[in-house]
Amino acid sequence: MFRSLRIFNYRIWFLGALVSNIGTWMQRTAQDWLVYDILTNQDAAAMGIVMALQLGPQLLLAPWAGLVADTYDRRKVLLTTQVAMAALGAGLGLLVLSGHAELWHVYAFALALGVVSAIDAPARQSFVSEVVSEENLPNAVALNSASFNGARMVGPAAAGLLTVAVGPGWVFLINTVTFAAMVLALLKMRSAELRVLPKAPPGKGRIRAGLKYVRYRPDLIMVLLAIFIVGTFGLNFAVYIAAMARTEFGQDAGIFGLLNSIMAIGSVAGALLSARRDKPRLRFIFGAAGAFGVACLIAALSPNLWIFALSLIPVGLFALTLMTSANAYVQTTTTPVMRGRVMALYFAIFLGGTPLGAPIVGWVSNAFGPRWSLGVAAASGLVTAVIGLVWAWRSHHLRLHYDRSMRRRLYLTSSASEDTADLTQEDPGPR
């Protein structure tokens with residue numbers, strides 16, 4: 001489960017990311033509460049707009065961000081983006097502490113952070129393949145998710161307490177300091193032990209080549225469709241949890257942070273279970289989507305706060321199983337020279353759908369109540385699972401048979417190979 005931590009460069013990367021991720025979750029939680037309960041009168045739609053501005057650039061800048069990751073030294077790109085994000089966190093923190101922060105200021109900082117994050121994401125994801133070997137890549141991706149969501153167990157709870165005690169401004173400044181851990185980790189890596197991977201050759205048409213590569217990979221198209229549906233309408237946790245905590249159950253920022261941390265228990269479990277698997281499989285992606293939908297439905301029907309809190313554990317578990325399996329599948333089945341561009345497209349679809357989904361989910365919460373917004377999340381997971389099942393049935397020519405002579409009378413056969421029919425192996429190259 002933890003085999004990638006034996007590698008020196010990955011070990012310091014993991015530790016630096018863990019500290020930085022704690023700060024990131026602290027800022028996210030404080031920013032959500034700042035918008036929802038301080039700058040507005042519990043306006044879930046305003047939170048959706050902030051999420052849209054912060055994640056929208058992922059969609060618009062994806063082709064160029066992926067090309068940057070495939071062309072330039074990814075470690076230098078990451079050093080630049082980490083310093084820029086630290087500066088933005090400091091700016092927002094000082095503005096809030098001065099007492100001059102308004103909603104449009106948060107919108108502006110969210111947009112600026114989104115631009116920097118759009119460049120950071122594909123470089124960060126594809127850089128892991130330079131730190132570990134190809135066979136350890138699925139394990140490293142899963143441990144990255146465990147780090148990110150382990151930080152979610154600490155960050156939101158700490159942010160909730162600090163927001164109540166000293167206000168969100170100080171939380172933003174603390175987040176600025178945590179970026180130093182990531183910068184230090186990047187500087188301390190042993191350059192000689194990093195893998196040298198091919199870069200995109202110079203010339204025109206490199207962005208188009210990345211899109212063409214995905215076009216001839218129907219398995220990748222299905223994974224991207226799955227993460228678009230669930231990412232757009234299912235993973236708006238800030239909207240769901242804030243609305244349920246404040247509007248439905250009448251709680252404060254401390255409980256809001258605690259609920260985020262409780263959900264992180266399931267998220268970490270999902271990431272660690274994924275780390276045990278040697279190979280990501282499509283059936284985990286679509287199966288987790290269906291289970292996520294059921295878990296969200298249970299959360300929507302929770303009669304009180306504590307049952308709602310417990311229901312968030314399976315929500316986090318299946319969400320992370322879906323995300324980690326999809327991320328690892330895309331990385332491990334994509335040729336290295338295309339990896340940055342494909343991962344940029346992955347994050348553009350995964351996070352870029354939020355500008356569409358978050359305001360819609362916020363409007364549903366305002367108009368019909370928080371429970372109905374969780375119903376939207378449940379529908380996204382169940383629809384994705386059905387789409388995956390139909391695609392598997394049609395593309396692998398599955399047939400249902402009945403045989404009186406067999407103990408198990410109903411069984412499936414396929415004209416495709418056994419590995420393909422079982423959704424355990426996909427062709428890693430263009431067809």
Side-chain angles (χ1 to χ4, degrees), residues 13-39 47 50-51 53-55 57-58 78-103 105-121 123-124 144-187 237-238 241-242 253-254 256-261 263-264 267 351:
W13 164 270
F14 180 89
L15 293 173
L18 180 62
V19 175
S20 180
N21 286 334
I22 290 174
T24 296
W25 279 113
M26 290 177 66
Q27 170 148 335
R28 285 188 180 185
T29 304
Q31 178 178 281
D32 292 339
W33 200 257
L34 173 69
V35 171
Y36 188 72
D37 200 54
I38 297 176
L39 297 181
M47 288 181 63
V50 171
M51 293 177 65
L53 290 171
Q54 193 161 312
L55 299 178
Q58 298 277 355
L78 290 173
L79 283 169
T80 302
T81 56
Q82 294 298 299
V83 170
M85 286 190 283
L88 288 171
L92 182 57
L94 292 173
L95 189 63
V96 173
L97 287 176
S98 69
H100 294 96
E102 298 180 17
L103 185 59
H105 293 137
V106 180
Y107 287 165
F109 275 94
L111 179 61
L113 184 60
V115 171
V116 178
S117 297
I119 299 171
D120 179 86
R124 177 192 292 264
N144 283 350
S145 294
S147 167
F148 186 70
N149 289 281
R152 185 190 275 187
M153 296 174 65
V154 179
L161 294 174
L162 288 171
T163 299
V164 172
V166 296
W170 285 107
V171 179
F172 298 147
L173 293 184
I174 293 172
N175 174 51
T176 299
V177 176
T178 63
F179 279 106
M182 192 73 256
V183 171
L184 184 62
L186 289 166
L187 293 174
F237 297 129
I241 298 177
F256 173 57
L258 180 61
L259 290 173
N260 278 277
S261 295
M263 187 174 69
S267 300
L351 300 176

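For the single chain, residues carry numbers from 1 onward in sequence order. This one's a predicted model, so the numbers in the text were calculated from it and none came from an experiment.
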Taking all heavy atoms of Ala30 and all of Ala159, pick out the closest pair and write down the distance. N-CB, 4.4 Å
Close side-chain approach of His105 to Leu39, heavy-atom, < 4.5 Å: no
Are Arg28 and Thr24 side-chain neighbours, meaning at least one heavy-atom pair lies under 4.5 Å? yes
Can you find a heavy atom in the side chain of Phe172 that is under 4.5 Å from one in the side chain of Leu95? no
Within the 4.5 Å heavy-atom criterion, are Met85 and Gln27 side-chain neighbours or not? no
Working to the nearest 0.5 Å, report the span between CH2 of Trp25 and OG1 of Thr29. 7.0 Å
Separation between CD1 (Ile241) and CG (Asp32), nearest 0.5 Å, reads 9.5 Å
Would you check if Leu92 and Leu113 make a side-chain contact, meaning some heavy-atom pair closer than 4.5 Å? no
Reported CG-to-CG distance for the pair Leu186 and Leu79, which is rounded to 0.5 angstrom: 4.5 Å
Can you find a pair of side-chain heavy atoms, one from Phe179 and one from Asn175, that are under 4.5 Å apart? yes
Considering only heavy atoms from C-beta outward, does the side chain of Leu53 approach that of Val106 to under 4.5 Å? no
Supply the atom-to-atom distance Ile174 CD1 to Met26 CE, rounded to the nearest 0.5 angstrom. 4.5 Å
What's the spacing between Thr163 OG1 and Leu34 CG if we round to 0.5 Å? 8.5 Å
Does any part of the side chain of Gln31, heavy atoms only, come nearer than 4.5 Å to the side chain of Pro168, both counted from C-beta? no
Closest approach of Ala84 to Val116 (non-hydrogen atoms, all atoms of both residues): CB-CG1, 4.0 Å
In short, Ser20 meets Met182 closest at the heavy-atom pair CB-CB, 4.1 Å
Residues Thr176 and Ala90: closest non-hydrogen pair is OG1-N, 3.0 Å
Rounding to 0.5 Å, atoms CG (Leu94) and CG (Leu173) come to a distance of 5.5 Å
